[in-house]
Amino acid sequence: MQHSGSCLCRAVSVSAEGAPMLARMCWCRVCQYLGSGNATVNAAFPVSSVTVDGPVKWFTDTADSGNEMWRGFCGECGTPLFSKGTRFPDRMVIRLGVFDDINAITPAGAIWTSSAPDWAKIDDNGPLHTHQPPVTP
Ligand SMILES: [Zn+2]
Ligand SMILES: [Zn+2]
């Protein structure tokens, strides 16, 4: 199955082949900056299955987990598109808002729930983790 989409201005197009390795929400403090106060919703794919075309701008920082992370944005419109980290160099995390079919991937569970604001509605249809979970395949 092919998942395809783009940023808001369509300067960056993204496609990912096959089912995601996992899809879930992240309530870490960094994601609240990226998600306008909310959790980000993310699907992880093997880097080898992802094709990207367009001007992606990468921002490097250290995540709450202590891992070095690269966050990818459209260089034109600023849409959050990706994250990659030193912990999983073979994994590309794609923000679900990128995909044309918004119902093709359903997130299950959330991480960093301890950082969520008091008003957050935590989706518990999957595993919940207060912090960064142990390594999953
Ligand atoms: Zn754009
Ligand atoms: Zn996060």
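None of these values were measured; they are calculated from a predicted model. One-based numbering, in listed order, for ligands and for the atoms of each.
Within a 6.0 Å radius of CD1 in Ile122, more than 12 heavy atoms belonging to other residues, nucleotides or ligands are found.
Atoms SG of Cys9 and SG of Cys7, as seen from the Zn ion (ligand 1), are separated by an angle of 110°, to the nearest 10°. At the Zn ion (ligand 2), the angle from SG in Cys26 to SG in Cys28 is 110° when rounded to 10°. Take the Zn ion (ligand 1) as the corner point: the lines to SG of Cys74 and to SG of Cys77 open at 110°, to the nearest 10 degrees.
Taking each heavy atom of Gly37 and Trp27 in turn, the nearest pair found is O-CZ3, 4.1 Å.
Rounding to the nearest 0.5 Å gives a distance of 7.0 Å between SG of Cys26 and CD of Gln132.
The cationic group of Arg29 lies under 6.0 Å from the six-membered ring centre of Tyr33 and within 45° of the ring axis, placing it in a cation-pi geometry.
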